[in-house]
Amino acid sequence: MIRLENVHKAFGDNRVLRGVNLHIPKGESMVIIGGSGTGKSIALKSVLGLVTPDSGTILVDGKDARSGDKDAFLARFGMLFQGGALFDSLPVWQNVAFRLMRGSLKRPAEEARAIAVEKLRRVGLKPDVADRFPAELSGGMQKRVGLARAIAAEPEIIFFDEPTTGLDPIMSGVINDLIREIVVEMGATAMTITHDMSSVRAIADKVAMLHDGVIQWTGPVADLDNSGDPYVAQFISGSADGPIEAVR
Amino acid sequence: MSRVLTPIAVLGALTLSALAALGRLAIFTGQTFAHMIRPPFYLKEFGAALMNVGYFSLPVIGLTTLFTGGALALQIYAGGARFSAEAVVPQIVAIGIVRELGPVMVGLMIAARVTSSIAAEIATMKVTEQIDALVTLSTHPMKYLTVPRVLAGIIVVPALVAVGNIIGIMGGWAVAVGTLDFNSATYLQNTADFLETSDIMTSLAKGAVNGGIATLMGCYYGMNSGRGAMGVGKATKGSVEAAAVLILAANFILTGIFFTS
Ligand SMILES: Nc1ncnc2c1ncn2[C@@H]1O[C@H](COP(=O)(O)OP(=O)(O)O)[C@@H](O)[C@H]1O
Ligand SMILES: [Mg+2]
């Protein structure tokens, strides 16, 4: 369903992506692992068109992601940003219901609000959070509001950029289960970035390891522990010794 | 490269980068106006921008124009006294405020107050990925952020200029009547008789241009902000500098167009 072919992206002389190839079939949950600063977020953003790759192709359903109607294209996606990216001028519920209050998916305000409150409940937030402003919430709560916003319009394809970073272990567990549930229940195609190995095991059908601008290894989550790939082995053991330099 | 040519090369590079910046700004301006006439329109954002640019700017505009008018009256009186022309205070205050100082003071105050806040807000949104989030939620950042603010600037700043003109003239009047022994009724009569409709219209036109410049610069620098807190700081500083310079330049050009014939 989503296919990246030989995608390159550089910022000045910082060559971030150097030929990324990745395929995510429909309804599958792909988890991308890799050290911080290796370009995982940039890879997600290139699919959405937020970042324009220098070369390479990105196909969604076999069609070039940059061709065709941009609104219709983006309406199929939900995205949780690494920092939450909540609009701080709007109360929480309007953040969650943003897409439901304007454009082609517009519906009455009470209905949008009811959906927002329901989505907030699903990410473990009480209804009284709905009327607070993002700046009044803790980082972990903001993350969960971002997650609620990503799933509010029940998209076909969902991207999660570090969904559990900054959450306590229990809340991480809740979010992992939720992501799994969304993929199974809604049949959504998911692409998740995480450093959290418990998330990887809870969420992933397949895992891809990004390092040095390319996908070093990809395979089913069951093969993760005996991948035979030195990069993956070092990453999941969290060892300072191995092919991945600790100083980068 | 030979040492003789280096300064010329630097000059050339500077010229090219200035032209490129001007080009980007022109494209941004063109896009803003193109989006202005095409739906969807975000009325709530427009309303909020009207309040922020217009209503909340009234105190600072009232105070700055009041003191400017007062100082102007004192100066004209003192200067006029050198050739026994003290009596022209009401006329010169009126023309000075309405034709030049009103629009310029209001423009600069809007640059200080509104341009900076727009740039800082949008730059922070950029840095915290809120602009990216808008795009993924199928909302065009230019329509949602830029158009409401620029439209509000063009519409509401002329009204601010009108208010500023009146308060500036009243500042001159208060000083003239209070300390320079002018007759109140005569002062106001002279002011009203002297001003022409064209003076007021050009004043308001300058206001619209200044409002457009101030809000556009805030949006442009915010949208093109670099990363991190330093990026936001640079965007804010750059926006106010650019707005102030362009407002004064535009004022000079418009004065040339309107008043030399
Ligand atoms: N807008 C940008 N301008 C310049 N460099 C960027 C930009 N966005 C990301 N980078 C750089 O690209 C690299 C990868 O970033 P990112 O994809 O955010 O990493 P991560 O794998 O941690 O998500 C980093 O070195 C970062 O500094
Ligand atoms: Mg990242």
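All chains are named by letter (A, B, ...) in the order of the sequence lines, taking the proteins before the strands, and each is independently numbered beginning at 1. Heavy-atom basis, side chains included; hydrogens, waters and symmetry copies ignored.
Contact annotation for F81(A): both backbone and side-chain heavy atoms come within less than 4.5 Å of a heavy atom of chain B. For L100(A), no part lies under 4.5 angstrom from a heavy atom of chain B.
With rounding to the nearest 0.5 Å, the separation of CG in L134(B) from CG in L74(A) is 11.5 Å.
Between A133(B) and A85(A) the shortest heavy-atom distance is CB-O, 3.8 Å.
Taking the side chain to side chain contact (heavy atoms under 4.5 Å, CB included) definition, one finds that A162(B) meets it with L204(B), sequence neighbours left out.
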Looking only at N and O atoms, which donor-acceptor pairs between chain A and chain B are within less than 3.5 angstrom?
residue	atom	partner	partner atom	Å
K45(A)	NZ	E129(B)	OE2	2.7
K45(A)	NZ	D132(B)	OD2	3.4
L86(A)	O	Q130(B)	NE2	3.4
R99(A)	NH1	S138(B)	OG	2.8
R99(A)	NH2	T136(B)	O	2.5

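Environment of CZ in R15(A): sparse, with no more than 12 heavy atoms of neighbouring residues, nucleotides or ligands closer than 6.0 Å.
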